[in-house]
There are 2 protein chains.
Amino acid sequence: MISQILSPVHTSSRDDAVLQALVGFVTDEGLVPGDRLPTERVLAERLKVSRTTVREALTRWQELGLVERRQGSGTYLKAAVTRNMLHMPLTLASGNDFNSLMHTLEIRRGLEAEAAALSAARVSDADIAMIEQKLIRMEEAFHERHGMSADEDWDFHLAVFRTSGNPLFEQIIAAMYEMFHRFWEHPLGVRDFGHASFPYHRTLFNAIAARDPIAARAEALKLIATVEDDLKRGAANLKKQTQKNRVHI
Amino acid sequence: MISQILSPVHTSSRDDAVLQALVGFVTDEGLVPGDRLPTERVLAERLKVSRTTVREALTRWQELGLVERRQGSGTYLKAAVTRNMLHMPLTLASGNDFNSLMHTLEIRRGLEAEAAALSAARVSDADIAMIEQKLIRMEEAFHERHGMSADEDWDFHLAVFRTSGNPLFEQIIAAMYEMFHRFWEHPLGVRDFGHASFPYHRTLFNAIAARDPIAARAEALKLIATVEDDLKRGAANLKKQTQKNRVHI
DNA sequence: TTTCTAAATTGGTTGGACCATTGTGCCAAT
DNA sequence: ATTGGCACAATGGTCCAACCAATTTAGAAA
């Protein structure tokens, strides 16, 4: 079961070395998410370090969501593990207040504009057809439901990111998007949130289809600006309500 | 020194409870980034848990970048800690090839431009003085060593990000920066990497000090452009060397 | 006052023990 | 033969008591 791959660690920062050895083990053994890792006690023995050190290393992986521990059962791989992984822990103060949501939008403004410009510079004809298909589905959903549909909207944006040729955009913006939407059924009480952004989806597509990076960046910025306006409107509403209810405090 | 705020934990998942108690301690005590936390041994005694459990909890905070441990010295707060923090650790697969480094620069281009613009719109007079101090130290290091000094350079950029009013910039760009520097002693064999970016640090500062967001964005873009040029130059060098050495393969 | 050195402090690691939860397989009852 | 329950083994979680290694501090020496 345990091959000879696990060799004693030697260098500094024991638990770093343990993680490095674990990466080697996981990749060489071809483990995939869901598979079980060796026991803590086994790892400790194989790596010639104490169980405490192994536990510290696994705790770090657990915090990064790479691994899940179940008492009495074992430790299970939760995500793909490769060498040269880059860890980027994002911490936001209290995800649902106005400032935090605004912060995610500021990140999106910088990244979506850049992604749109890169996409316009790099799309293939097939990419353009694919993006237009997503756009049409979004527009259909909009007219059926008389409002923005989060899923179709996200599919469209995702298509743009993926044609940017840089996978980092998708992963980072996806995290921002999730933070933003985790708390938005009706974020800050604003109904038909994102309604104003609708027309800019087509203008953005047109700029990309025309392979015009400058125009694409401009349209992406306009789109984000409408979302920011919605958010500010929501914050104003919230403030008004708070003032109205102040007597209860 | 240690007030009565730390009370014994009781409920399930000990280290979760420890972290919760620590949040209370940090907020009640008004600790800010840079401040030192109580000793592990003290925390263990106050919280009525073993030092092992305290260490496991601190390890998790460390992995999230909230805390930094220095052997022989202590554990220091590295970021603002509040109740209701939202953590979203991202792990990205990355390589040390030309494309991966270029990808990090594309992210930095979008974010550094945005951060510079926001900083120019929001800096206080004290912030400006602080940034200028970092700039001067960087320039001194440059002239002493006849080349860019990574640490002082990073300090300057960090100061800009922190005055943007959005902590996410620092968190994301720090990850990009780490990935970029993980492989760059002399990245791709290019000596005096970043040399060309030197003058744009002062022009960027001037734009921020003038509170001119548009100019700040432009200068930040110029700065990144020089780094991209260096990287492309390095890739060309590498290709040439590979061709020259092809006979050995 | 400055500089060097020894001791105290603090995080890092170890080994061993025990607890709590889960999984497994045997055995008995049906 | 099937099912249900139970005892036991395996595994992660916690604790303790040391000792190691890096750092800081305080005091001695110059």
Side-chain angles (χ1 to χ4, degrees), chain A residues 1-2 6-22 25-26 29 31 33-78, chain B residues 1-2 6-22 25-26 29 31 33-79 81:
Chain A
M1 184 66 85
I2 308 298
L6 292 176
S7 55
V9 295
H10 35 52
T11 56
S12 60
S13 210
R14 292 274 215 287
D15 60 330
D16 267 338
V18 168
L19 286 184
Q20 196 174 338
L22 258 190
F25 176 78
V26 169
E29 212 74 1
L31 297 187
D35 287 349
R36 213 184 89 166
L37 267 59
T39 304
E40 293 178 351
R41 291 171 173 87
V42 172
L43 287 175
E45 188 192 1
R46 296 278 173 168
L47 298 171
K48 299 297 181 202
V49 295
S50 74
R51 194 181 149 214
T52 310
T53 304
V54 171
R55 279 189 58 79
E56 177 147 339
L58 287 177
T59 297
R60 294 174 51 190
W61 267 19
Q62 185 181 34
E63 197 65 15
L64 295 176
L66 296 179
V67 115
E68 180 184 351
R69 290 154 134 174
R70 288 206 286 274
Q71 184 174 172
S73 178
T75 304
Y76 298 84
L77 209 57
K78 215 175 141 191
Chain B
M1 184 68 84
I2 306 299
L6 291 177
S7 55
V9 296
H10 34 53
T11 56
S12 60
S13 210
R14 293 273 216 287
D15 60 330
D16 267 338
V18 168
L19 286 185
Q20 197 175 338
L22 258 190
F25 176 78
V26 169
E29 212 73 0
L31 298 187
D35 287 350
R36 214 185 86 165
L37 268 59
T39 304
E40 294 178 349
R41 292 171 173 85
V42 172
L43 287 175
E45 189 193 0
R46 297 277 172 171
L47 297 170
K48 298 299 181 202
V49 295
S50 74
R51 195 181 150 215
T52 310
T53 304
V54 170
R55 279 187 59 79
E56 177 147 338
L58 287 178
T59 297
R60 293 174 52 191
W61 266 20
Q62 186 181 33
E63 199 64 13
L64 293 177
L66 296 179
V67 114
E68 179 184 352
R69 293 154 130 174
R70 289 206 285 272
Q71 184 173 172
S73 177
T75 304
Y76 299 83
L77 210 57
K78 212 175 143 190
V81 164

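For the pair Glu40(B) and Tyr76(A), nearest-nucleotide mapping onto DNA chain C gives the more 5' position to Glu40(B).
As a whole-Å value, the separation of Leu37(A) CG from dT11(D) P is 13 Å. Computed from coordinates, the Leu58(A) CG to dT14(D) P distance equals 14 Å when rounded to whole Å. Between Arg55(B) atom CZ and dT13(C) atom P the separation is 7 Å, expressed in whole Å. As rounded to whole Å, 13 Å separates atom P of dG13(D) from atom CG of Leu43(A). Put simply, NZ on Lys78(A) is 16 Å from C1' on dG12(D), counting in whole angstrom units. Atom CZ in Arg70(B) sits roughly 19 Å away from atom P in dT9(C) (whole-Å rounding). Atom pair Glu45(B):CD and dT9(C):P shows a separation of 14 Å (rounding to whole Å applied). For the pair Glu56(B) CD and dT14(D) C1', the computed distance is 9 Å after rounding to whole Å.
Lys78(A) and Glu68(A) are not joined by a salt bridge, as no carboxylate oxygen comes within less than 4.0 angstrom of a charged side-chain nitrogen.
The only option from Val81(B), Leu58(B), Val54(B) that meets the side-chain contact (heavy atoms from CB on, under 4.5 Å) definition with Leu22(B) turns out to be Leu58(B).
Put simply, the side chain of Arg14(B) never gets that close to the backbone of Ser50(B): no donor and acceptor are under 3.5 Å apart.
Checking dT14(D), dA22(D), dG12(D) against the side-chain heavy atoms of Thr75(A) singles out dG12(D) as nearest. Each of dG11(C), dC16(D), dT14(D) was ranked by its minimum atom distance to the side chain of Thr53(B); first place goes to dT14(D). The side chain of Arg36(B) has dT10(C) as its nearest neighbour among dC15(D), dT10(C), dG12(C). Looking at the side chain of Ser73(A), the nearest of the listed nucleotides dG11(C), dT22(C), dT14(D) is dT22(C). Checked against dG15(C), dT11(D), dT14(D), the side chain of Thr39(A) finds its nearest nucleotide in dT11(D). Proximity note for Arg69(A) (side chain, C-beta onward) versus dT13(C), dA21(D), dG13(D): the nearest is dG13(D). In the set dT10(C), dG12(C), dG13(D), the nucleotide with an atom closest to the side chain of Gln71(A) is dG13(D).
Residues Leu66(B) and Leu77(B) are not in side-chain contact: their nearest non-hydrogen atoms beyond the backbone lie 4.5 Å or more apart. Using a 4.5 Å heavy-atom threshold, the side chains of Val18(B) and Leu43(B) count as separate.
In the interface, the side chain of Arg14(B) is not paired with the base of dG13(D) through any donor and acceptor atom under 3.5 Å apart. For a distance-only test at 3.5 Å, the side chain of Arg51(B) qualifies as a donor-acceptor partner of the base of dG12(C).
Using a 4.0 Å heavy-atom distance criterion, Arg41(A) is classed as a base contact.
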